[in-house]
Each structure stands twice: as C-alpha cells, then as structure tokens.
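Accompanying notes for the structure given below.
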4 protein chains.
Amino acid sequence: MTEEANGAPPEKEPPRMSEKRRAQIVAAAVRLFSRKGYFQTTIEDIAREANVSKGLIYLYFKDKNDVLFYTLRFVLERIERQAPQLLERSAHPLLALRNAFRFYCAMADNHKLEMLLAYRSTMDLLPEQRLGIKVEESRNSRVFRNALEACIHSGLMRPVNTDIMTYQYMMYAHTWAIKNWAFRDQYRFEDFLAEGEKILIEPFLTESGKAKLADEVGLLDLETLRTTIRDAAED
Amino acid sequence: MTEEANGAPPEKEPPRMSEKRRAQIVAAAVRLFSRKGYFQTTIEDIAREANVSKGLIYLYFKDKNDVLFYTLRFVLERIERQAPQLLERSAHPLLALRNAFRFYCAMADNHKLEMLLAYRSTMDLLPEQRLGIKVEESRNSRVFRNALEACIHSGLMRPVNTDIMTYQYMMYAHTWAIKNWAFRDQYRFEDFLAEGEKILIEPFLTESGKAKLADEVGLLDLETLRTTIRDAAED
Amino acid sequence: MTEEANGAPPEKEPPRMSEKRRAQIVAAAVRLFSRKGYFQTTIEDIAREANVSKGLIYLYFKDKNDVLFYTLRFVLERIERQAPQLLERSAHPLLALRNAFRFYCAMADNHKLEMLLAYRSTMDLLPEQRLGIKVEESRNSRVFRNALEACIHSGLMRPVNTDIMTYQYMMYAHTWAIKNWAFRDQYRFEDFLAEGEKILIEPFLTESGKAKLADEVGLLDLETLRTTIRDAAED
Amino acid sequence: MTEEANGAPPEKEPPRMSEKRRAQIVAAAVRLFSRKGYFQTTIEDIAREANVSKGLIYLYFKDKNDVLFYTLRFVLERIERQAPQLLERSAHPLLALRNAFRFYCAMADNHKLEMLLAYRSTMDLLPEQRLGIKVEESRNSRVFRNALEACIHSGLMRPVNTDIMTYQYMMYAHTWAIKNWAFRDQYRFEDFLAEGEKILIEPFLTESGKAKLADEVGLLDLETLRTTIRDAAED
DNA sequence: AATGAATGAGAATTCATTCAT
DNA sequence: CATGAATGAATTCTCATTCAT
C-alpha cells in the first residue's frame, strides 16, 4: 500500500489518451468522495459511477489512496488554475481584492462539491501525500495577499495582518460551500457575498479606499463570474 | 445497525457507576478519533486504549457509530458547558463579547483535539444522529449573538449582520484549532487572539465602543482563561 | 440483514455460468446443513466444503440466511420436480396412487439428507422467506390428492378424508427419512414400503379396488424407482 | 463444554428447594426454545424470561447445552408421566388403544409448545445426550404397542405390524402439534381426532372389533381428557 | 487495455462463560 | 446463593486488491 511515497502516476506517465480514463475515474471519485467521504466510498462505487470495471482503476492508480490523492490534486488545481488571469491586472488593487474575493466565493458556490471534498478528505491522505497537496493551497492565497498588500501599500486600506486576513477571505468562501446547509435558507449567494464585503473589506478601507469603492468599473458581476467559472471548468 | 434512531444507552439507562465506564471509553475514543479519524479507528483500538475488552464496549454502546455519537456529544458538551457562567454577567456587552471571543479561542487552543474531532467527524454520523448534535452547536452561538446584539443595541458597535458575524467569531476560533499547523510556527496564541480582535471586533466599534475598549476591568486574561478551562475540563 | 425480503440474487440476475458457482455452494450447504444444522454450520465451513473462498459466497448470496433459503428451495424443488411425468398417466388411479407413494418413499430413501434438511431448517428461515417455500410444499401433495380422489371417485377406494390421508402418505415417507435411525436396523426399505401400503392403502380399498391391486402392470418396481430418481437427480 | 458426557445434575443432586430454581429456569427455556429454537435463544433471554440473573443459570446447569438437555428431559417426562394410570386398566384392549390415542392427541393439543420443542431441538443435543433422551421416547410407545398387541391377540383387530402402527399413532398426534398451522383453520381438534380414528383404527378392526367400537363405556371424552391433562400438568 | 471473478485479511458484533463481590 | 460486569473466542460480513482471460 505504501511502497514508495506516491505523488507520481503509477507507472511512468501513461501515453496520452489514457488521460481521458484517469479523468473519467477522478470525476466519479469527486462526486462520490464529496458526497459520502473517502472511507464510505468503495472502489466498486467508483467503478460503477465511472462506468468502468473495478480492475481498470488499478491500471491507472496504484491504490484507493492514490485515487484520493489525484482526486484532491485535481480539485485543488481546478480551483487554483482559474483565478490568475482575470484578477491580476485589475485597474487598481482594491478592485483586484474585491474581484478575488468575489471570484473565490463564486468558486465556492459553483464547486461546492469539490470544496467540500477538499475540506473533508485532506486528512485521509497519507502524511507524505499531504505534502504534495499543501503547496497548492497557498498558491491561491498569494492572489489575496498580493492584492491586500497592494491595497495597504497604496493607502486604500489601513494596515492589517495580511496572513490572517488572507485566511479570512478564503475561509469565508469555504464557509459558503461547507456550511451551506446552515445559510442556504436564509441567504442567497448575493447576500452572503455582500455581507462578506461589508465585514471583511469595507471596515478596513481608508477614506481614499472608501472613495474607490464606489468606482465599480471592472468589478466582476455575478453573471460574469458564473460564466467565467463555468467556462474554465470545461477546460 | 439503526433500528431506533439512537440517543439512548443500549438497554435502560444503566444504573450510575457504569457512567465511569462510559466516560472511560469515550475518553479513549476522543483521543483516537481525533488523532486517526472515525473509520481508521477500530473498536479494538478503542478497547486497547481504554484498557477494556472489545466486548465491554458493546455493553455500553449499541454500535461503533453509537460510540461516535456519544463521543461527539461529550466533546461538544464540554465545549459548551463552560462558557455561560463567566460570560453572561460581564460589566457591559462589549466586555461580554470580547470575553466570549477570548474564551472560545482559548477553548480551541486547549482542546484542539476535540475541536478537530467535532469538525472532522460530524459528517460520519448517521443523519438522525446529526440532528441531536446540531442543537448543541447553536446553543453556543447564542452567547455570541446575544453579546453582539447587546453591543449594537447599546450603541457600542455599529450594525452588522449578527448571524454571519457570530459565525465569523466561531470560525476564527476553529481555525486556530484546525489549521493550527499553518499558523503554529508564525504566531503564538496570544498574537492570533489579538489579531482576531483587531479584525473582527475593533473595526465595528463606534466611538463610544472604542472608548470602552480601553476599559479592561473584567477582561479575561490568558492565565485566567487557561486555568478556568482546565478546571472546567476536570469536571 | 433483510433489507428486501429476499428471493433474488444479490445484484441483478448474474449472467449464466455463475449458476454453476451457486450450485456448487448450494451443494456444499446441503451436505453441511443437513449434517450439522444451519446454526452449527459456519460460512467458512461452507466455503471449505465447496472449495471456494469465504468472500465468494457473498458474491452469490446476500446472507448466510440467503444461502439457507436457496438451499431449501433447491432441495424442495429437486424433490418436487421429479414426480409428475411418471405418475400422472398411470393406467388407473390406484396404480397412480401406489406409484406416487412408492415414488415419494423412494425419494425419501434416496434423499434422506435433503429431507432431513427440509424438515430441520424450514423454521430457521425468516418469516418472509418461509412463504416462498410453503408454496412448493403443497404442489407435491396435489399429486397424492388427485390420485386419491380419483380412486374414491371411481369406486376403488371407499371415502376418506383426502386432506388428512394425503398428509399421511407424505408423512409416512418423511418418517423413513427422518426417523430412519429407529427403523434402519429392523426393516429394509422394501419392508417399510410394503407395510406402508398395507396400512395406508389396502384397508381403504373396496372390493373392486382389491381386485385391481393384484394387477401390477405398470407398478413401479424398486429398481426402476431408484434409477429414475438417481437420473433425475443428475439433471 | 463436554468434559463428562452429561446426564446428571451439575454437582451432586443439589439439596432440595433449589429444585424450584431449576424448574423456573427450565420453564423459561421451554417457552423460548420452542418459540425461537435453541440457537436463537441466548442465556440472557432465558435469564430474563425466568427472572433470574445470567450467572444463576450456571449454578444449576453446566452449560447452555445442559439446559437444553434438562429442558427436553422435562418435556418428555411430562408427556410420558401422565398416560399410564388411566390407560392401562381399561375394560378391554380396544378401549385402551382408543384411549391411548385420544390421550396422546389431547396431549399434543394441550402441549403444542413442548411437542414442538421436542421435535425441533432433539437434534441440537450432543450425541451422548441424545441417548439419555431416546429411552423416554419409547417408554410411551409401549402403551400403544401393548394395547395394539392385545387387540390383535384378542381378535379385535386383524394383524398389523405393531412397530410401524405404533409409530403411526404417535406421529398422528405429533402432526397436530407440529403442523398445526396447516390444519388449524380447517379442522377443530375433535374433527382431527375423529379422522385419526377412522384412518388408523377402524380399518383394522375385525367384525368383533367393530362391534366393540360401539361400546363407549369408559371411553375418555374430551372434557375428561382436558382436565386430566391439565391437572397432571400442575403436578 | 479491460474485465470481473476470486481471494483473504481485517473489522464489527455476538454471546457463552467466568468471577469478584 | 445470587448478581451482573467483564472477557474473548468465534462468526458474519466487507472490500481492497489480484489475476486469468
């Protein structure tokens, strides 16, 4: 089960078209792991959901654990991969921050399952595997931190602990995905998002920051967010 | 496995002294479940950790799942049970809020394992069981909400969404317990706590609120927190 | 253990060749259940006797109980399936009756184990399962009743309660299988059979019936019975 | 479990009043074993039903199996013990035979549970134990055989195989107890009994036998049977 | 590449039996 | 005598993994 601390495809990167197979299996695993959790999902479940045979899975993955590893990797990658382009080159850092926040929240809204999965199952990885995953997690946070630091630096926000604030932004989005059941009936996504800005952005704005806030040119609206994310998801 | 939605000991409330046994088993389960998770802990593990025989566990619990149920119940109760007395009758609501926040964070610091467990394993309960647990969860949030509403009402804080804000307070504490590994090396608990106040309380104070902030009479200091919690834990 | 009152293979009717497996397991179960009884036979015993692995059994049967169900079904079917053809179209009803009796007794002689099993273990079935079995039991009795009624109707026998008489015929055969140990040393099968006719048929014959009795053309002799049964058993 | 082939009380015949205890336990076992069977009845079940503690049972019985042994012994004894006195000294052998038959059938009617138990569970005894039980079984049959032989000898009946005929008489009664569910709705006990006589006695009477049949002086009527049996059962 | 039958180690659960009180 | 807490061997059942086809 743990011959070599994994983090690499079973054999040597299998040819090419086989990637489709892996994707097919991973997709099934995403659905099942996030719905039922890792341990309550059997290899047979995955095979059935993916419309392949049980044996096939072992052609592409070393282990059940290996399936989890790649599944998490896939989920996190998907979440990460999308932010950069449309966030970085915003007109000014406050816009960048707000867009990042909106984007990340929209992400959470669109990919509840995946987020749930990332949340639930990271602990079910073997310790060695966890390392390979941790890295990803912080890549995304950099977007937030950068925007945040820029805001502070350019006097739009007053100084705050960027580490922790960054974490708050991300946590807020996660909350929507994870505790969704607790909020769903009281808040629509828009409301939740708006409240988030009121709590985690506005209070920290300087006067000039507050001025900029009105300037919504380039602010991602919900429609754009949703389409962008969906497009990106097709990939 | 689930004839009658559980929530009661196997037979009829076993006398009294047997509570010690239950406690002994639950204590072992807390340790193991929070370290390894529910599914990776076997009944035999628990028996060994609790220094009893496998069979004994089934004298006090219907199921492995039942053990989880009571274990979570116990953990949450422990967390819940302690707040009230020293929080409710604070000199003024801002103090109450700050104390609640401090207390809850200190709790997270002192009972990382338990929080971790509560977080991880609630999803492993059967749906019916989950209900019995949810109740607990919100009892605690009421302390926050009350203090928060009082602050707003008495003009110490400006209006915010109390639902969500309450959630933020609790989440912040959880973060310390759960993502501890991410912050541990950069922040001491005191720092984390101070940052929390800076981010989740101070920005929302009115002028009169800010004035009160200086007034630290009755504010729980770290030492007090730690001893109180520890004492309470002995129970 | 009993989600859906069973009566069907675990998944969806497994293809075809797998029937051989089922048969193999059932055959082992017949031997063991009838020798040691249901509860004293473990799944492992069955696996060993059938030369398969423990796990395999659960691929073909839902439960240990399910094994019993199919085993009983199989046994009863085997007993049932054979009678019709050679009994129905006898020259005259008295011959039919005598042949049925002979056949059924021979059956009991040849399949002592199975009869024993059917007798012992029907009560170990779950109530729902029992229903599926009862049906079989009476199908066979019809052969007797029909012949009996025909005899009476055509004046070969004087009127008797056909319900109860039918039962007597079958019981007599069972007795040979079940209490065999009590008679074995005193009587050979032929004797037992002859006595049966003397007690359960002859006394009820009318004068014309007695006349027919001598007419043994078409009466199944022991050799024929034994070969017929054995051949049928191969199936 | 089988140190010494049992057949004797655990220690040496325990004093005296302890017999009440044994009886109490055996009575509970009769009810449970006949309802659920030996293997599906736990020692705990018996203890609960008998209102004693689990441990107590092991003070009076060596084994769970030992409980079965004594329970069967008790049941059979009860069945046996009652016949003699009122059967032996009948006016003439035909009356004796009929009375025996009636008595035995009434027995089966009154003690269905016990008969069922005797039937079900004899096979669950250990081989050594079975010996101690077999004896009983035939003691009772002697009553039948004697009456039967006397009938034949005195020309009331024509010769039949007494072994087998005896068996038929007993089997007929058993049938009522065991297959009761199959007859209950169609026949009342009186009917069943009457049919039995018609099938198993009348056809074998000689002319003089038939004459005697009308003479019903001394024939046990149903009322007498029921009271006699009930009284005997109190014992 | 793909299948799915077969395996067997491992987990949960039960229950007869013991024993300290 | 009586209790009932405690034990652990035995059993059922699950499921990741292998492998012949």
Side-chain angles (χ1 to χ4, degrees), chain A residues 1 14-15 17-18 20-21 39-48 51-67, chain B residues 1 10-11 14-15 17-18 20-21 39-47 50-67, chain C residues 1 10-11 14-15 17-18 20-21 39-47 50-67, chain D residues 1 14-15 17-18 20-21 39-48 51-67:
Chain A
M1 187 186 277
M17 113 95 217
S18 67
K20 206 166 64 191
R21 283 300 202 190
F39 292 107
Q40 268 155 319
T41 301
T42 70
I43 286 283
E44 180 133 352
D45 289 336
I46 300 175
R48 202 181 309 117
N51 279 313
V52 298
S53 72
K54 233 184 319 178
L56 187 68
I57 294 178
Y58 286 88
L59 249 43
Y60 293 95
F61 299 90
K62 183 162 64 65
D63 242 10
K64 186 187 172 188
N65 221 294
D66 199 42
V67 176
Chain B
M1 185 185 278
E11 289 296 283
M17 117 90 221
S18 67
K20 205 166 67 191
R21 281 301 196 197
F39 291 107
Q40 268 154 320
T41 302
T42 72
I43 285 285
E44 186 141 345
D45 290 337
I46 300 175
N51 277 312
V52 297
S53 70
K54 240 183 313 173
L56 186 70
I57 294 178
Y58 288 89
L59 250 45
Y60 293 94
F61 300 90
K62 184 161 65 64
D63 244 8
K64 187 185 171 190
N65 221 295
D66 200 40
V67 177
Chain C
M1 185 185 278
E11 290 296 286
M17 118 88 220
S18 67
K20 205 167 64 191
R21 281 299 197 197
F39 292 108
Q40 268 154 321
T41 301
T42 72
I43 285 285
E44 187 139 345
D45 290 337
I46 300 175
N51 278 315
V52 298
S53 71
K54 238 182 317 171
L56 187 70
I57 294 177
Y58 289 90
L59 250 45
Y60 293 94
F61 300 89
K62 186 161 65 62
D63 245 9
K64 187 185 169 188
N65 221 296
D66 201 40
V67 177
Chain D
M1 185 184 279
M17 113 97 218
S18 67
K20 206 166 65 192
R21 284 300 202 193
F39 291 107
Q40 268 155 321
T41 300
T42 69
I43 286 283
E44 180 133 353
D45 289 336
I46 299 174
R48 202 180 309 116
N51 279 313
V52 298
S53 72
K54 234 187 313 179
L56 187 68
I57 295 178
Y58 286 87
L59 248 44
Y60 292 94
F61 299 91
K62 183 162 64 66
D63 242 10
K64 186 187 173 188
N65 220 293
D66 198 41
V67 176

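Order of the sequence lines fixes the chain letters, A, B, ..., with proteins taken first and strands second; residue numbering starts at 1 for each chain.
- Nucleic acid contact for C/Ile43: sugar-phosphate only, since backbone atoms but no base atoms lie under 4.0 Å from a heavy atom of the residue.
- Distance from the side chain of A/Lys54 is smallest to F/dT17 among F/dA6, F/dT17, E/dA16.
- Rounded to the nearest 0.5 angstrom, D/Lys54 NZ and D/Asp45 CG are separated by 10.5 Å.
- At F/dA5, none of the side-chain N or O atoms of B/Tyr60 fall inside 4.0 Å of OP1 or OP2 (strictly under the cut-off).
- As rounded to whole Å, 9 Å separates atom P of E/dA12 from atom CD1 of B/Ile57.
- Across all strands shown, E/dA20 is found opposite F/dT3 as a Watson-Crick or G-U wobble partner, with both distances under 3.5 Å.
- In this structure, of F/dT17, E/dC15, E/dT3, it is F/dT17 that holds the atom nearest to the side chain of A/Asp63.
- Take the nearest nucleotide of DNA chain F for C/Gln40 and for D/Gly55: the residue whose nucleotide is more 5' is D/Gly55.
- Across B/Ile43, B/Asp66, B/Val67, a single residue satisfies side-chain contact (heavy atoms from CB on, under 4.5 Å) together with B/Tyr58, and that is B/Ile43.
- Here the shortest heavy-atom pairing between C/Ser53 and C/Ala47 reads C-CB, 3.8 Å.
- Note: CZ (D/Phe39) to P (E/dT14) measures 19 Å, nearest angstrom.
- In this structure, A/Ile46 places its CD1 atom 17 Å from P of E/dG4, rounding to the nearest Å.
- In this structure, C/Lys20 atom NZ and E/dA6 atom C1' are separated by 14 Å, rounded to whole Å.
- Between C/Lys64 atom NZ and C/Thr42 atom OG1 the span is 7.0 Å, to the nearest 0.5 Å.
- One finds no side-chain N or O of C/Tyr58 lying less than 4.0 angstrom from the OP1 or OP2 phosphate oxygen of F/dT14.
- For the pair C/Phe61 CZ and F/dT12 C1', the interatomic distance rounds to 16 Å; values are reported in whole Å.
- In this structure, the CG atom of D/Leu56 is 15 Å from the C1' atom of E/dC19, given to the nearest Å.
- Side-chain N/O atoms of D/Lys64 include one lying less than 4.0 angstrom from OP1 or OP2 on E/dA16.
- Across the protein-nucleic acid pair, D/Glu44 atom CD and E/dT13 atom P stand 18 Å apart, rounded to whole Å.
- Of the listed nucleotides (F/dC15, F/dT7, E/dT3), F/dT7 has the atom at the smallest distance from the side chain of B/Ser53.
- In terms of position on DNA chain E, the residue among A/Asn51 and C/Val52 whose nearest nucleotide sits closer to the 5' end is A/Asn51.
- The CG atom of B/Asp45 sits 12 Å away from the C1' atom of E/dG10 (whole-angstrom rounding).
- The distance from atom CZ of C/Phe61 to atom CZ of C/Arg21, rounded to the nearest 0.5 Å, is 11.5 Å.
- Base-pair partner of F/dA10: E/dT13 (Watson-Crick or G-U wobble, both distances under 3.5 Å).
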